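I have placed the structure first, in the form of structure tokens, so that the comments after it can refer back to it.
Every chain is numbered from 1 and lettered A, B, ... according to where its sequence line falls, protein lines coming before strand lines. Note that the coordinates shown come from a computational prediction; the quantities given were computed from them, not determined experimentally.
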Amino acid sequence: MSIVSSIQKKVTAALSALYNQPFVEKDFQINLTKPEFEGDYTVVLFSLVKLLKQSPDAIGNQLGQELIRLNAGFFTGYNIIKGFLNLSIEESYWMNLLQNNHADIGYGKKEMNGKKVMVEYSSPNTNKPLHLGHLRNNFLGWSVSEILKANGYKVIKSAIVNDRGIHICKSMIAWQLFANGATPESTNTKGDHFVGDYYVRFNDEYKLQVEQLIQTGADKETAEKTAPIMKATQQMLLDWEEGKPEVIELWKTMNQWVYSGFDVTYKRIGSNFDVVYYESNTYLLGKNIVQQGLDKKIFYQKEDGSIWIDLTADGLDEKIVQRKDGTSVYITQDIGLALQKYEEYKIDQSIYVIGNEQNYHMKVLQLICKKLGMPNADNIFHLSYGMVELTSGKMKSREGTVVDADDLVDEMVATAKQHTEELGKVKDFTEDELNELYDILGLGAMKFYLLRVDPKKTMVFNPQESIDFHGFTGPFVQYTYARIQSILRKVAGESPLVNGESFITNDSPAEALLKLEKEVLVLLEQYPAAIEHACIEHNPSVIANYVFNVAKTFNSFYTEHSIANAETAAKKQLRLQLATMTANVIKSGMQLLGIRVPERM
RNA sequence: GGACCGGUAGCUCAGUUGGAUAGAGCAUCAGCCUUCUAAGCUGAGGGUCAUUGGUUCGAAUCCAAUCCGGUUCACCA
């Protein structure tokens, strides 16, 4: 139990005893005491004033005395300033916290709770390579999965691959027209980039044809519909749906190119999936659901045969669920897949990591699932995240203003290399060790950068300034870890110091905690709460901010006080444990973000 | 036009259930390497929390209106 909730309990008990009436935690508030005042935690008294009709000072004094009377070994004193009751905590509490948890690698993580969650993320299109926006999605999906695991959930990571449809046919047509049989191998190009180039090529050609048609007198709309390359693409989609062998063959080949490219990127950034759904397999799902919905009169049919649902009573629009030609639409597939997920895995919760441009769509999806009476429809959660914009504006693939994922990774790793070489601290590393370090640092910087911001907010990336390695960054946190490891390595060589040994012994009683030591401890105590908070909010930035705070606070302590050359043996032992626990929390927290930490850097 | 999201320091972002004098990083300026890694530390300057009104002991936080920005409202996916 966290110290805040344990104080809450004690205060509730004391109040009930004093005033002979029941109190709940919401009747008052517990905060960390501001550093300028004496004390550790503060009870805000104002809300009690109303309930008890007494002055804040009177309540504060009664409560303070009662708390100390009931918890003699826990609270050591109190003071009241302007309606705030500041409580001081017995030092042994912090000593015990450190003593009991410093070596616990699983500190802050919960026992398995028997619940299953599916996290769907990444969900790429197979017509172009991944860009910065996809990276945000991937890092978020991964991190949220790790956070759920740390909170005791069993997590199934899934992806739905958008491998069919008109956009896929566009790159296929362009390849047929312009490639002359070129392949990723023959051009020495990464497969996803190779296909993406033809997608761009399609758009260039299409634009050209539309302009030509407009010049010969066609209006814009007709031109866009009748451009030969577009007509060919539409024909190809029909051929694909009919299963025409040469189209299927080309489709398979080109998708395979993309997958092999994606594999490289996913491996590099550390994404993987337990289940991969392909839209070419799922796009017919949901058709029988439409029939059921029609029978139950949740859906209705228009004269032309198309099937709809009326959501106007819920403040939304009317939504089509099946076309007049009997084919299913996007939302129908999603309903089908949602149901399939439940049936296959019996999941308690289904999380979709999808950009906020789909907020409306996901709202509709959930509502329809509810109306259809699907099990667990209430436990569908859209983890909606904001776009990554550039300082110059939005990323647009057609205007060539996308930040390519592979390029960015390369750049980050190269920057890591450059910094490392300039500093010259790891000259004895082997080639392999160096490359691993560059990866850890480069990717760490990138992931931290994308995860430290609240997911739901649109964020801005400046390609000129790129991503920093100083300050509120991944490498800053990694550096703190590496420095601690350096000390621990050094001390491990000394005998007879045993790492797990208590710093409180009979012949050397515990010395008072210094201000900076205590600050670190107070923060470390909050780690379990941070993990829980991050889970409830589905928000990795909680962890990123927390872990930065820990690193920063530890660094202040580190420059001020020596660990290996502490004043006394007991102090040394305490600080070694403090450093160990800090390192463990950093490593654990970074792992929740999908970021590795180096032993040296 | 309807719905949803956002607006906090020059820039990028925190800010818990409404709590004490609104915080970090970058950038700028001034310091700190003979002692555990300076990718670090210490300090300074920098704010009409978009605006106005309301709720109350107390508002960046809640409510209303307004302004600005974004997303969305397809027989596309």
Side-chain angles (χ1 to χ4, degrees), chain A residues 4 25-26 29-31 33-34 36-37 42 44-47 49-50 56 81-84 86 125 162 164-168 279 283 302 304-308 315-317 319-325 327 329-331 333-334 355-361 363-364 384 386-387 389 391 394 416 419-420 422-423 425-426 441 445 449 452-454 456-462 465 468-480 482-491 529 533 537 541-542 544-545 548-549 551-552 555-566 575 579 600-601:
Chain A
V4 171
E25 289 171 4
K26 279 188 179 160
Q29 201 172 41
I30 307 285
N31 295 336
T33 302
K34 297 266 170 190
E36 55 269 33
F37 303 111
T42 297
V44 183
L45 299 168
F46 295 107
S47 51
V49 169
K50 241 182 228 166
I81 299 169
K82 289 193 291 182
F84 296 89
N86 301 324
N125 286 346
N162 239 298
R164 64 162 285 278
I166 194 85
H167 54 294
I168 308 297
E279 204 192 284
Y283 83 109
K302 286 194 179 173
D304 64 3
S306 58
I307 300 175
W308 296 74
L316 305 175
D317 304 285
K319 194 86 192 170
I320 188 161
V321 293
Q322 184 173 300
R323 297 189 188 97
K324 65 184 170 200
D325 62 6
T327 56
V329 293
Y330 182 41
I331 193 108
Q333 304 166 30
D334 279 354
N356 61 11
E357 71 235 332
Q358 304 231 32
N359 283 357
Y360 179 76
H361 173 80
K363 212 169 164 181
V364 170
S384 164
M387 300 291 103
E389 292 183 1
T391 31
K394 291 186 180 161
H419 283 308
T420 305
E422 279 167 9
L423 291 166
K425 293 178 186 172
V426 287
L441 294 175
Y449 180 86
R452 65 179 213 192
V453 182
D454 187 333
K456 67 173 184 284
K457 288 196 175 176
T458 304
M459 62 181 292
V460 178
F461 172 73
N462 187 337
E465 291 174 11
D468 215 328
F469 280 62
H470 302 271
F472 185 15
T473 67
F476 173 94
V477 180
Q478 291 168 322
Y479 178 67
T480 307
R483 273 211 305 207
I484 293 173
Q485 292 312 307
S486 170
I487 298 168
L488 296 180
R489 272 193 304 275
K490 200 157 283 182
V491 172
H533 186 206
E537 304 278 326
S541 81
V542 170
N545 279 283
F548 168 69
N549 221 338
K552 187 167 170 46
N555 283 340
S556 295
F557 156 74
Y558 170 93
T559 32
E560 206 62 37
H561 305 289
S562 179
I563 295 167
N565 301 311
R575 288 181 188 166
R600 288 178 59 192
M601 64 185 272

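Here the separation of B:U61 from B:U55, taken at their P atoms, is 15 Å to the nearest Å. Straight-line distance between the P atoms of B:C4 and B:C63: roughly 12 Å, to the nearest whole Å. Taking atom C1' on both nucleotides, B:A14 is separated from B:C49 by 13 Å, rounded to a whole Å. Taking the P atom of each, B:G25 and B:G19 are spaced 23 Å apart, rounded to whole Å. Using C1' as the reference atom, B:A50 and B:G7 are 6 Å apart when rounded to the nearest Å. Distance noted for atom C1' between B:A60 and B:G15: 8 Å (whole Å). The same atom, P, is picked in B:U8 and in B:G40; the two are 27 Å apart, to the nearest Å. Using C1' as the reference atom, B:C36 and B:C41 are 15 Å apart when rounded to the nearest Å.
One atom, CZ of A:Arg489, and another, P of B:U37, lie 8 Å apart when rounded to the nearest Å. One atom, NZ of A:Lys34, and another, C1' of B:A20, lie 6 Å apart when rounded to the nearest Å. If you take CD1 of A:Ile81 and P of B:U21, they are 12 Å apart, rounded to a whole angstrom. The interatomic distance linking A:Asn31 (CG) with B:A20 (C1') rounds to 9 Å, in whole Å. Atoms CG (A:Asn555) and P (B:G43) sit 14 Å apart, rounded to a whole Å. For A:Ile168 and B:C76, the CD1 to P distance is 17 Å, given to the nearest whole Å. The distance between atom OH of A:Tyr479 and atom P of B:G25, rounded to the nearest whole Å, is 16 Å. The distance from atom NE2 of A:His419 to atom C1' of B:A38 is 14 Å, rounded to the nearest whole Å.
Looking only at distances, a side-chain donor or acceptor of A:Thr420 sits under 3.5 Å from a matching main-chain atom of A:Ala416.
With sequence neighbours left out, A:His361 forms a ring pair (Phe, Tyr, Trp, His ring centres under 6.0 Å) with A:Tyr330. Residues passing the ring pair (Phe, Tyr, Trp, His ring centres under 6.0 Å) test with A:Tyr558, sequence neighbours excluded: none. Applying the side-chain hydrogen bond (donor to acceptor under 3.5 Å, both in side chains) test to A:Thr42 and every residue at least two apart in sequence or in another chain returns A:Thr33, A:Asn86. Annotation: ring pair (Phe, Tyr, Trp, His ring centres under 6.0 Å) contacts of A:His561 (sequence neighbours excluded): A:Phe557. In this structure, the salt bridge (charged side-chain N to carboxylate O under 4.0 Å, His left out) partners of A:Lys456, at least two apart in sequence or on a different chain, are A:Asp454. Under the salt bridge (charged side-chain N to carboxylate O under 4.0 Å, His left out) criterion, A:Arg164 pairs with A:Glu241, A:Glu279, not counting sequence neighbours. Partners of A:Phe46 by ring pair (Phe, Tyr, Trp, His ring centres under 6.0 Å), not counting sequence neighbours, listed by chain and number: A:Phe84. A:Glu389 pairs by the side-chain contact (heavy atoms from CB on, under 4.5 Å) definition with A:Lys394, A:Thr458, not counting sequence neighbours. Not counting sequence neighbours, the partners of A:Arg600 by the salt bridge (charged side-chain N to carboxylate O under 4.0 Å, His left out) test are A:Asp428.
Toward the 5′ end of RNA chain B lies the nearest nucleotide of A:Ala551, the other residue of the pair A:Ala551 and A:Gln333 mapping further downstream. Comparing A:Asp304 and A:Ser556 by the nucleotide of RNA chain B whose heavy atom lies nearest to each, the residue mapping closer to the 5' end is A:Ser556.
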- Pairs counted as Watson-Crick or G-U wobble with both distances under 3.5 Å: what dot-bracket string results for RNA chain B, using | for bases tied to another strand? (((((((..((((.....[...)))).(((((.......))))).....(((((..]....))))))))))))....
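Within the nucleic acid shown, A:Ile484 has no heavy atom closer than 4.0 Å to any nucleic acid atom. Using a 4.0 Å heavy-atom criterion, one finds that A:Phe548 contacts the sugar-phosphate atoms exclusively. Within 4.0 Å (heavy atoms only), A:Asn86 reaches at least one base atom of the nucleic acid. Across all strands shown, A:Glu279 has heavy atoms under 4.0 Å from sugar-phosphate atoms exclusively, and none from any base. Residue A:Thr42 is classed as a base contact, given a heavy-atom separation below 4.0 Å to a base. Nucleic acid contact for A:Ala482: base, since at least one base atom lies under 4.0 Å from a heavy atom of the residue.
Note on ring orientation: taking the six-membered ring where Trp is involved, the planes of A:Phe461 and A:Tyr449 are perpendicular (angle over 60°, cut-offs 30° and 60°). The aromatic rings of A:Phe472 and A:Phe548 sit tilted relative to each other, their planes meeting at an angle between 30° and 60°.
Residue A:Arg600 places none of its side-chain N or O atoms closer than 4.0 Å to OP1 or OP2 of B:C36. Taking 4.0 angstrom as the limit, A:Lys82 places none of its side-chain polar atoms (N or O) nearer than this to OP1 or OP2 of B:G19. Residue A:Lys552 places at least one side-chain N or O under 4.0 Å from the OP1 or OP2 atom of B:G25. At the phosphate of B:U72, neither OP1 nor OP2 sits under 4.0 Å from any side-chain N or O atom of A:His361.
A side-chain donor-acceptor contact under 3.5 Å links A:Ser384 and A:Asn359. Judged purely by distance below 3.5 Å, without hydrogens or angles, the side chains of A:Tyr479 and A:Asn555 never pair a donor atom with an acceptor atom.
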- Task: Between protein and nucleotides 1-14 of chain B, map the contacts as a letter string: B base, S sugar-phosphate only, - none, heavy atoms under 4.0 Å, written 5' to 3'.
- Result: -----SS----BSS
- Item | Heavy-atom protein contacts under 4.0 Å, nucleotides 56-65 of chain B, coded B base, S sugar-phosphate only, - none | -B--------
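Not a single donor-acceptor pair, N or O on each side, falls under 3.5 Å between the base of B:A27 and the side chain of A:Asp468.
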